[in-house]
Each structure stands twice: as structure tokens, then as C-alpha cells.
Asks: 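Below: one structure in C-alpha cells.
Below, chain A is the first sequence line, B the second, and so on; all start at residue 1. FYI, side chains are in, hydrogens and waters are out, and symmetry mates aren't considered; it's all heavy atoms of this structure.
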Number of protein chains: 2
Amino acid sequence: MTDSPRTLLQPTAAAAIGLVDDALSADQLVTLVGRCRVVYEGRATSTLGPGDRLVVRKPDGTMLVHTDEGHQPVNWQPPGSSCDCRLADSGVVLESKHENPSEELIIRFETITHAATFDPNDPNELALSGTESDLRDQILESPSLVEPGFEPRATERKTSAGAIDIYGEDTDGRAVVLELKRRRAGPDAVSQLNRYVDALTRERHADATVRGILVAPSVTDRAHRLLAERGLGFVSLSPTE
Amino acid sequence: MTDSPRTLLQPTAAAAIGLVDDALSADQLVTLVGRCRVVYEGRATSTLGPGDRLVVRKPDGTMLVHTDEGHQPVNWQPPGSSCDCRLADSGVVLESKHENPSEELIIRFETITHAATFDPNDPNELALSGTESDLRDQILESPSLVEPGFEPRATERKTSAGAIDIYGEDTDGRAVVLELKRRRAGPDAVSQLNRYVDALTRERHADATVRGILVAPSVTDRAHRLLAERGLGFVSLSPTE
DNA sequence: CGTGCCAGGTGCCAT
DNA sequence: ATGGCACTTGGCACG
């Protein structure tokens, strides 16, 4: 039971509202192009003066306001948001509300250039590779990539400071904590590793040394210094060649 | 010198390519809706099987592929990417390339439901409030919000571990490091504060204690424990009331 | 340019 | 629901 795609060029406000209302009740995706102002209030607050933008409303409640620049929408509303479309001051107004967190987005159109709807059918999932999870699998497959004789014992091993990416032992039987990063690592990655090493050291009463190794394609200078200060190691590995 | 907005419903491949090519040379924004497959290769690699999606190309080179769900595009290309539109296997193919980092996105359409272009005029900037910068201004305005007698001395004070949000002194003349977060803070915020306190302690040789205070609306349990372990403080403050 | 860090980050999965 | 963290994170400001 799919509805036909529709498109309107320079529609009247009434026609645009009709289109949007139909699309909302039919769980269609809507795109609107036109001159609008935007007000947001929620986790933060924002206002955006008049300009030509692309507005997208998805059937899952997502709303996006895109300007002519940049990857990110200038304003948006998360999935699960409601949408109300009405006439105000002879213009189309979209009002989207979300609860928990409480957020409200109001888009006031002066002009609508295009309005279009369609019924998306998208059964396929994205297959992504080159992630941290792939790097983890590589290491579990060939532990010697980390160092000769390294033996993984667990992944996601829990500590009081969080879960260790890979926990294992070296040839001398010492505990080894690996923190993995799919790309060049900075100070935050070193701190993360440091937290896990501290926590594990505390858990295994003091004396037995716990080694920590950051595994990433590379590290920044600052991160390198931090590693040295904390007595932590580094191994260069990339998720895919 | 603005071009008119155009829209096509169920265009032929040739018509769609004509529209896109015109839009590319006129620096217009393009939206395409239709059934497509997507392949990405760059910092990572991905494939996406056939489905109905919304594709947006912006004049700054940004490309977005949106499915029917979620705030984020399923695939994209950053600003500054090229775009080539051609016919292949009797379908429209968009090929976008980016250099540094090297990334390539290929979108193969089976069907095109809508194609539309317009010339965006968007002179206004977003005015956002409730940011960390607002929280900083509040504290500089009323330092006693942190604690009675607190005196800010500098913002963005440089240390070997990075820049301190607010550096100051307490009533006893002790150095105080503030790390600000606009929302509930987790372990990473504590580690960040800890890095700055360590660095500053090192710089001011040793004995003089350096205090560290995390300023945020709230902290998680784990973060609270970490603060205690490290002898760091916490003050509850929100960027806007 | 690279480094570091904020973001209305988002999304995923765990408890 | 909250927490902890990865993400093709994106974006900005600064050296």
C-alpha cells in the first residue's frame, strides 16, 4: 500500500500544507525548499534568521534543516519527534516537538519553492568495514601483531573504570590492557587506557604490574608524551591496509 | 544572477543528468530521490544495497545520502568534494571524490523519482546559546558561583597537556583549574581535568598543591568516583537557568 | 596544514 | 532510562 510520489513547484501555502499533512499521515518522507526562519529550544536555544533552506521530515520523526553549506544540518529534531503543520500569518509553519529530552523546533516559511513527498522502501543495511571492531578481530586472529607471545584472554573485560577493549597476557604472564583506536590517537585515548590500567592494578592488589598498550595507526606528539609519562606502550596498527 | 528552481518528476536518466549538470555548473543545491546503491571508499569502506533514498548535493561540495531513518546520513562526502554525473548501464551515476583525506563515493541510481535544483540564498548565521562558552562567561561574570572568593586569572591558559578552560586562585592563593562541561559529565571530563592538574603541578615544581574542579550540571557515578580518587572537586552549574 | 576539544553531537549496546 | 564509548564523527580555533 504505497502512495505515489508527489511534487509541487511554488505551491500556495494551502497546497503545501495539504501535501505535508497527507505525507505525515501516510508516513512518507517530505522535502521542502524555501525561505524560512527557525527557532529551536531544548538542550540549548537557537534562532536563525530568514534564508533559503532544505527541510526534510522523515517518517521516524526526524527533522532536518539544511543550509547551502556543510555536512551537518543547521537545526534538527531527533527521531521520535512529532510534527504539526499549519498556516500562520499566511505562511506555512512546521512545529516539531520531542519529549525526553524536551525539545521544540519551529520553522516558519515565507516562501515555498518546492515541496515533494515519497514513500521510501529501504530494506538494506549499510555494510561498513575499517572500524575499531575490525581492528579487534585482526588482533584476535593474529595476536603477535601486538607483540610476540601476546595472548588475548577476553574482550570487553569489565573493570570499575569501564570495559577493556582487549585483555590478555604477555610471555611473562603479566596482565596486558589494550586500548584500540581505528585512527590516529590523541590524549583522550591515552587517558582512557590509563583509567583501565589504574582500575585493573587496584583490583589485582598493587604489586603485580599491569601493562597498558595503545593500539592505533599512530599517535600525536602530546599523546606520545603522555604514554611515556604513564609508562604505557604503543603499537602501530591500522584496521585495514 | 540566480537561476530558476527546477523540478522533475520521474525523469529519464538523460533529463536527470542534464538537470544535475546544469546545477553543478551553476552552484545550485540538488536533491535527488530514487532507488540506488552506494559504495564508499576512503577513511573506511562501505557498501549499501538497493533502496529508496534522498541524495543532496550542496554547492560547497557536500554530498549526503539519507535513508528513511535517523538524523545522520547513511553515506556522505565532506565539503570540497568534486562531483561527476554520468550515464552508466542506462542509469544515473554520481561519483564524488575528495582529496586529503582521499575519499570516493559512488551512487548508482536504478530509478529517479524526483530531481530538483534551487539556488540557495542564506545570509544569516545561527545564533546559539547554552554552550560551554556561555557557561564560561557566567563564571567570569560571577566567580563566586564556583566558590566564595574564587578569582579567575585566565581563560584558555596553556599547559603542556593543553589549554585550561578557566585558571584562577582560591582565597588561600592556591592555583585552581576549572574544566567546564555544558552537560552531565563522564569519565573523559575527569581525565581531561586530571591531565591539566598534573601538567600544572609539574610546571610549578611540585609542592604547591593545584586544585582541580569540574564544573558541569552533574556528573555520572563513575565520574564522581574518579574525581574522589584523584582528589578533584565538583561544582554543579548549568549554562543557562 | 596538524593538534586539541566542543557538540543541541548521534548511534549502539550494556546494565 | 542511563551510562560509557565509537564515529568516514564534524566543526572551530589556534600554533
Asks: Determine the Euclidean distance between corresponding C1' atoms of D:dC14 and C:dG8; express it in Å to zero decimal places.
Replies: 25 Å
Asks: Would you mind reading off the distance between B:N75 atom CG and D:dT9 atom C1', rounded to a whole angstrom?
Replies: 14 Å
Asks: Considering only the C1' atoms, how many Å lie between D:dA6 and C:dA7, rounded to the nearest integer?
Replies: 15 Å
Asks: Could you work out, with side-chain contact (heavy atoms from CB on, under 4.5 Å) as the rule, every residue matching A:S82, not counting sequence neighbours?
Replies: A:K97
Asks: Given B:M63, which partner from the list B:S81, B:S96, B:P78 fulfils the side chain to side chain contact (heavy atoms under 4.5 Å, CB included) test?
Replies: B:S96
Asks: Let me know the distance between CD of B:E156 and C1' of D:dC14, rounded to the nearest Å.
Replies: 9 Å
Asks: If the condition is side chain to side chain donor-acceptor pair (under 3.5 Å), which residues does A:R57 pass it with, not counting sequence neighbours?
Replies: none
Asks: Roughly, in whole Å, what's the span from CG in B:L193 to C1' in C:dG4?
Replies: 16 Å
Asks: For the pair made of CG in A:D60 and C1' in C:dT10, what is the distance, rounded to whole Å?
Replies: 13 Å
Asks: Could you tell me how far apart A:H66 (NE2) and D:dG11 (C1') are, to the nearest whole angstrom?
Replies: 14 Å
Asks: Output a table of nitrogen or oxygen pairs between the protein and nucleotides 13-15 of chain C separated by less than 3.5 Å.
Replies:
none

Asks: Under the side chain to side chain donor-acceptor pair (under 3.5 Å) test, which residues partner A:R211, sequence neighbours left out?
Replies: A:E147, A:D170
Asks: Could you walk me through whether A:R43 and A:E103 pass the side-chain contact (heavy atoms from CB on, under 4.5 Å) check?
Replies: CA-CA 7 Å; A:R43 285 169 291 175; A:E103 308 205 81; 3.1 Å; yes
Asks: Return the value, rounded to whole Å, for the distance between atom CD1 of B:I164 and atom P of C:dG4.
Replies: 16 Å
Asks: Can a donor-acceptor pair be found between the side chains of A:H71 and B:K58 at a distance below 3.5 Å?
Replies: no
Asks: Counting side-chain heavy atoms from C-beta on, which of C:dT3, D:dT8, C:dG2 comes nearest to B:A44?
Replies: D:dT8
Asks: Ignoring hydrogens and angles, state whether a donor on the side chain of A:D165 or A:T155 is under 3.5 Å from an acceptor on the partner side chain.
Replies: no
Asks: To the nearest angstrom, how far is A:H224 atom NE2 from C:dT3 atom C1'?
Replies: 16 Å
Asks: Calculate the interatomic distance between A:H71 atom NE2 and C:dA7 atom P; express it in whole Å.
Replies: 17 Å
Asks: Closer than 4.0 Å, any side-chain N/O of B:R43 to the OP1 or OP2 of D:dG10?
Replies: yes
Asks: Name the pairs: protein N/O against N/O of nucleotides 4-7 of chain D, kept only if under 3.5 Å.
Replies:
| from | atom 1 | to | atom 2 | distance (Å) |
| --- | --- | --- | --- | --- |
| D:dG4 | OP1 | B:R222 | NE | 3.2 |
| D:dG4 | OP2 | B:T220 | OG1 | 2.6 |
| D:dC5 | OP1 | A:Y196 | OH | 2.3 |
| D:dC5 | OP2 | A:R195 | NH2 | 3.2 |
| D:dA6 | OP1 | A:E179 | OE2 | 3.0 |
| D:dA6 | OP1 | A:K181 | NZ | 2.8 |
| D:dA6 | OP1 | A:Q192 | NE2 | 3.0 |
| D:dA6 | OP2 | A:K181 | NZ | 2.9 |
| D:dC7 | OP1 | A:E132 | N | 2.9 |

Asks: For D:dT8 and C:dA14, measure between their C1' atoms and round to the nearest Å.
Replies: 25 Å
Asks: I'd like to know whether NE2 of B:H224 has more than 12 heavy-atom contacts from other residues, nucleotides or ligands below 6.0 angstrom.
Replies: no
Asks: Please tell me which of A:S46 and A:V219 maps to the more 5' nucleotide of DNA chain C, matching each residue to the nucleotide holding its nearest heavy atom.
Replies: A:V219
Asks: For residues 175-193 of chain B, which residue pairs qualify under side-chain hydrogen bond (donor to acceptor under 3.5 Å, both in side chains), counting only residues two or more places apart or in two chains?
Replies: A:R195-B:S191, B:E179-B:K181, B:E179-B:Q192, B:K181-B:Q192, B:R184-B:S218, B:Q192-B:Y196
